Colleague: 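Let me begin by handing over the structure; questions about it come next.
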Amino acid sequence: MKDEHARRRASRTLAVHAGTRRSQYGEVSEAMFLTQGFVYDSAEAAEARFLKASRDEFIYARYGNPTVAMFEDRIAALEGTEDAFATASGMAAVNGALMSMLRAGDHVVAGRALFGSCLYILEEILPRFGVEVTLIDGTDLAAWENAIRPDTKAVFFESVSNPALDVIDIAAVAELAHAVGATVIVDNVFATPTYSRAVELGADVVVYSTTKHVDGQGRCLGGVICGTTEFIRGTAEPYLKHTGGSMSPFNAWVMLKGLEHMGLRVRAQAETAEHIALALEGHPKLARVLHPHLPSHPQHALARAQMEKGGTVIAIDLAGGKDAAFRFLNALEIVIISNNLGDAKSIATHPATTTHQRLPDEQKEMLGITPGLIRLSLGLEDPEDLLADVMAALDAA
Ligand SMILES: *Cc1c(COP(=O)(O)O)cnc(C)c1O
């Protein structure tokens, strides 16, 4: 084999080609196998396939589908894991990764700064099934050290938290977790698959909401769990295929095509995010400007070491509180008010009254979700147009 074939291909190449399965027609663009079922040549063939199906023998789309398999293999190649299982949404991935491996009596430690629905699984669902959950400040390594016990089965955290953009030290937490044999599960949405080094830093399982940067155009829900073949096929798949959390072939096709240009989109969006964060720092109407790659970010050095770019999202805190935040939102002309992120369209969100509305005030305060906090997901528009829009809206606030 020639040298250039022996080395692991670069992610831009993998994002375009990995996982491709061509039909007998030799199509260039990946085919969408929009089918729930598959025909067997004989009764014996059906029996044999139910007994043991190879990776390219399919039974039922809840178990697997060629388009879904292409997406799974492509994102596993990008993430650097042996395998992946695609799910109906990001939450199906988070729930599937946790529920498939945990049982009553197990102990989990999790960073407290989480997406609202992740927090619901950890605080409400897992305890109902006898799983003990300890929530801690994920940026505090001493807190991880105190909370992780010899019987801890898993640790779970968002590598960059939503919406206050705390950065968690994947390598340091993984070292503490692995010392007791716990599985490290990382929700890596804000880092994006483009800037992920999670596996290299020690994560065992990486989950994404592909609704965000992988689709990147706000069309479909999706999620994925990346890990070893043993975890994916032995633990996650049996749980997911029997409980119905699998990704649809149509959504897998959208995600597969999204991966081809995700790197280019995410790089442009992350550059815009950093440019706008830098321009807004010190603005008299802002109490805080948060972006992991700003020198003023509390975990700036860690963010630089862990992520090649700071991601596509920034958070700004209007000193005038909720009223100022609402005036700002209502004055935006290009940036839309919504709650997705990683989209080609720039999106502004007021977490305290929308995505994190459910949380009690003291918990909001602990997570930095102040009344003036706005989460801005930067899209693919012209960076100067976006900056002008944000500056004009700040004037109006
Ligand atoms: C959006 C998001 C999820 C949930 O994903 P869905 O696709 O909406 O189910 C989970 N974690 C993080 C960090 C997210 O941003």
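Computed from a predicted structure; not experimentally measured. For ligands, and for the atoms within them, numbers begin at 1 and follow the listed sequence.
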Colleague: Taking 4.0 angstrom as the limit and counting only heavy atoms of Ser89, give me the atoms of ligand 1 inside it, by number and element.
Modeller: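 Contacts of ligand 1 toward Ser89, numbered from 1: 7 (O), 9 (O).
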Colleague: Between Gly111 and Leu135, what is the shortest heavy-atom contact and its length?
Modeller: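 Closest approach of Gly111 to Leu135, heavy atoms only: O-CD2, 4.4 Å.
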Colleague: What orientation do Trp253 and Phe250 show, parallel under 30°, tilted 30 to 60°, or perpendicular over 60°?
Modeller: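 Answer is tilted, since the angle falls between 30° and 60°.
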Colleague: Looking only at distances, please establish whether an N/O atom of ligand 1 is found under 3.5 Å from an N/O atom of Lys212.
Modeller: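 Yes.
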Colleague: Do any N/O atoms on Phe115 end up under 3.5 angstrom from N/O atoms on ligand 1?
Modeller: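 Between Phe115 and ligand 1 (N or O atoms, distance only) the closest approach is not under 3.5 Å.
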Colleague: Any Lys/Arg nitrogen of Arg267 or Glu274 sitting under 4.0 Å from an Asp/Glu carboxylate oxygen of the other?
Modeller: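 Salt bridge flag = no for Glu274 with Arg267.
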Colleague: Would you please say whether a donor-acceptor pair under 3.5 Å links the side chains of Ser159 and Asn188?
Modeller: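 Present: a donor and an acceptor within the cut-off.
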Colleague: Just by distance, no angles: are the side chains of Asn162 and Arg375 close enough, under 3.5 Å, to form a donor-acceptor pair?
Modeller: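 Note: Asn162 and Arg375 side chains meet the donor-acceptor criterion.
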Colleague: Give the numbers and elements of all ligand 1 atoms closer than 4.0 Å to a heavy atom of Phe190.
Modeller: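 Close to Phe190: 15 (O).
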Colleague: Under 4.0 Å from a heavy atom of Glu158: which atoms of ligand 1 are those, numbered in the order shown and with their elements?
Modeller: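 Reading through ligand 1 atom by atom, the close ones are 13 (C).
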Colleague: At a 4.0 Å threshold, what atoms of ligand 1 neighbour a non-hydrogen atom of Gly222?
Modeller: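 Every atom of ligand 1 under 4.0 Å from some heavy atom of Gly222: 7 (O).
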Colleague: Considering both backbone and side-chain atoms of Met91, is one of its nitrogen or oxygen atoms within less than 3.5 Å of a nitrogen or oxygen in ligand 1?
Modeller: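 Checking ligand 1 against Met91, an N or O pair does fall under 3.5 Å apart.
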Colleague: Got a donor-acceptor contact below 3.5 angstrom from the Thr81 side chain to the Thr228 backbone?
Modeller: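 Judged by distance alone, no pair lies under 3.5 Å.
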Colleague: Does Ser23 reach the main-chain N or O of Tyr25 with its side chain, forming a donor-acceptor pair under 3.5 Å?
Modeller: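 Checking the backbone N and O of Tyr25 against the side chain of Ser23, a donor-acceptor pair under 3.5 Å is found.
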Colleague: Do any nitrogen or oxygen atoms of Thr211 lie less than 3.5 angstrom from nitrogen or oxygen atoms of ligand 1?
Modeller: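 Right, the criterion is met.
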Colleague: Ala92: heavy atom below 4.0 Å from ligand 1, yes or no?
Modeller: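 So Ala92 does not count as touching ligand 1.
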Colleague: For atom 8 (O) of ligand 1, find the nearest protein heavy atom and state the residue, atom name and distance (0.1 Å precision).
Modeller: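 In this structure, atom 8 (O) of ligand 1 has Ser209 OG, 4.2 Å as its nearest protein heavy atom.
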Colleague: If you have a sec, work out which protein heavy atom is nearest atom 11 (N) of ligand 1 and how many Å separate them, to one decimal?
Modeller: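 Of every protein heavy atom, Asp187 OD2, 2.7 Å lies nearest to atom 11 (N) of ligand 1.
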Colleague: Does Glu82 pair with Arg233 as a salt bridge, N-O distance under 4.0 Å?
Modeller: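 Between Arg233 and Glu82 there is no salt bridge, as every charged N stays at least 4.0 Å from the carboxylate O atoms.
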Colleague: Measure the distance from atom 6 (P) of ligand 1 to every protein heavy atom, then report the residue, atom name and distance (to 0.1 Å) of the closest one.
Modeller: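 In this structure, atom 6 (P) of ligand 1 has Gly90 N, 3.4 Å as its nearest protein heavy atom.
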